[in-house]
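Chain naming here is simple, since letters A, B, ... match the order of the sequence lines and numbering starts at 1 in each.
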Protein chains: 2
Amino acid sequence: MSENKKYNIEVRIWIEETSGPFLGIGKVWLLENIQKNGSITNAAKEMKMAYRQAWQLVEEMNQRAESPLVEKLLGGKGGGGAKLTEAGERAIAVFYEVEKRIKDFALKETQNLKL
Amino acid sequence: MSENKKYNIEVRIWIEETSGPFLGIGKVWLLENIQKNGSITNAAKEMKMAYRQAWQLVEEMNQRAESPLVEKLLGGKGGGGAKLTEAGERAIAVFYEVEKRIKDFALKETQNLKL
DNA sequence: AACCAGTATTCATTTTAAAACATATTGCTT
DNA sequence: AAGCAATATGTTTTAAAATGAATACTGGTT
């Protein structure tokens with residue numbers, strides 16, 4: 001009887017809009033950290049990501065979304081900040097939900113993977 | 001009535017072995033081109049990919065597979081060449097099959113995507 | 001034994017992407 | 001009006017990855 005190697009099916013999903021990628025796991029993590037920290041600056045810090053990069057991702061998301069996912073506050077108390085809109089919170093939930101469904105399905109496929 | 005944006009779920013799958021990624025769409029294309037051209041050199045040319053890169057991908061595949069997917073012929077008539085083993089042909093088929101199943105499932109999820 | 005075309009391998013070069021740095025701007029607070 | 005902390009944006013550095021060029025090797029064929 002032969003020792004069969006173990007193979008796993010890995011899946012990466014993202015949501016795309018006509019003008020390009022809209023939301024993948026990277027942006028979702030960023031959204032979660034913005035929600036947690038109240039600013040792009042601190043979210044980026046916690047993720048050890050450059051502020052510039054984080055800011056650009058937020059721009060992309062907001063532009064491709066039907067309505068912005070992140071509300072940015074410029075100046076004012078504490079210099080400003082950023083927080084998720086309802087659409088932003090919904091986007092996180094929807095992404096994880098869809099991701100889970102597809103990954104569960106992929107896992108079932110892994111069982112009867114015949115290589 | 002509001003104009004709803006169109007969002008698609010994109011899916012990328014690959015097969016992984018304990019020591020790392022085993023087979024994704026890039027390697028599958030390479031396999032197909034090796035099959036078609038009879039050598040890594042010409043396969044790489046057709047894909048406008050560096051020979052070095054193609055050769056390394058073949059190495060990875062072969063090492064992570066239970067048995068090699070590509071049989072390489074060194075020297076001899078025509079300098080040698082490369083051709084798929086049965087395992088190689090099977091790998092292509094299996095990959096596309098699994099990919100199709102998962103993408104079909106993802107497409108269904110796209111229908112009732114509520115963003 | 002010289003030839004040939006493809007495999008095998010190293011090294012320098014180029015390209016690309018990410019990170020780091022530097023400023024300007026904003027608007028509440030003091 | 002000066003201070004503050006965050007957004008906004010341009011520029012420069014650095015690091016990583018892909019490419020290209022060069023060279024040795026292989027083993028049938030002529």
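Looking only at side-chain heavy atoms (C-beta outward), A/Tyr7 and B/Glu17 come within less than 4.5 Å of each other. A 4.5 Å side-chain heavy-atom check between A/Leu23 and A/Leu31 finds at least one atom pair inside the cut-off. The shortest side-chain heavy-atom distance between B/Glu60 and B/Gln56 does not fall under the 4.5 Å cut-off. In this structure, A/Trp55 and A/Lys72 have side chains that are in contact, with non-hydrogen atoms separated by less than 4.5 Å.
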When you compare the protein's N or O atoms with those of nucleotides 7-13 of chain C, which come within less than 3.5 Å of each other, and at what distance?
from, atom 1, to, atom 2, distance (Å)
C/dT7, OP1, B/Ile40, N, 2.6
C/dT7, OP2, B/Thr41, N, 3.0
C/dT7, OP2, B/Thr41, OG1, 2.3
C/dA8, OP2, B/Trp55, NE1, 2.4
C/dA8, OP2, B/Lys72, NZ, 3.2
C/dA8, O5', B/Trp55, NE1, 3.4

Tabulated below should be each protein N or O lying under 3.5 Å from an N or O of nucleotides 14-18 of chain C; please produce it.
none

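Residues satisfying the side chain to side chain contact (heavy atoms under 4.5 Å, CB included) criterion with A/Thr18, sequence neighbours excluded, are absent altogether. With sequence neighbours left out, the side chain to side chain contact (heavy atoms under 4.5 Å, CB included) criterion links B/Asn37 to B/Asn33, B/Asn42, B/Ala43, B/Glu46. Shown here are the side chain to side chain contact (heavy atoms under 4.5 Å, CB included) partners of B/Lys83, two or more places apart in sequence or in another chain: B/Glu71.
The distance from atom CD of A/Gln56 to atom C1' of D/dT7 is 13 Å, rounded to the nearest whole Å. Atom NZ in A/Lys77 sits roughly 16 Å away from atom C1' in D/dG3 (whole-Å rounding). Atom NZ of A/Lys45 and atom C1' of C/dA19 are 16 Å apart (whole Å). Distance, B/Met47 CE to D/dA18 C1': 14 Å, rounded to whole Å. Here the C1' atom of nucleotide D/dA6 and the CG atom of A/Asn33 are 17 Å apart, to the nearest Å. As a whole-Å value, the separation of B/Lys48 NZ from D/dA18 C1' is 16 Å.
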Return all side-chain donor-acceptor pairs below 3.5 angstrom for residues 85-103 of chain A, not counting sequence neighbours, or 'none' if the list is empty.
from, atom 1, to, atom 2, distance (Å)
A/Thr85, OG1, A/Pro68, O, 2.7
A/Thr85, OG1, A/Leu69, O, 3.2
A/Thr85, OG1, A/Ala87, N, 3.3
A/Thr85, OG1, A/Gly88, N, 3.1
A/Arg90, NH1, B/Leu115, O, 3.1
A/Tyr96, OH, A/Glu32, OE1, 3.1
A/Tyr96, OH, A/Glu32, OE2, 3.3
A/Glu97, OE2, A/Arg101, NH2, 3.4
A/Lys100, NZ, A/Asp104, OD2, 2.7
A/Arg101, NH1, B/Glu109, OE1, 2.7

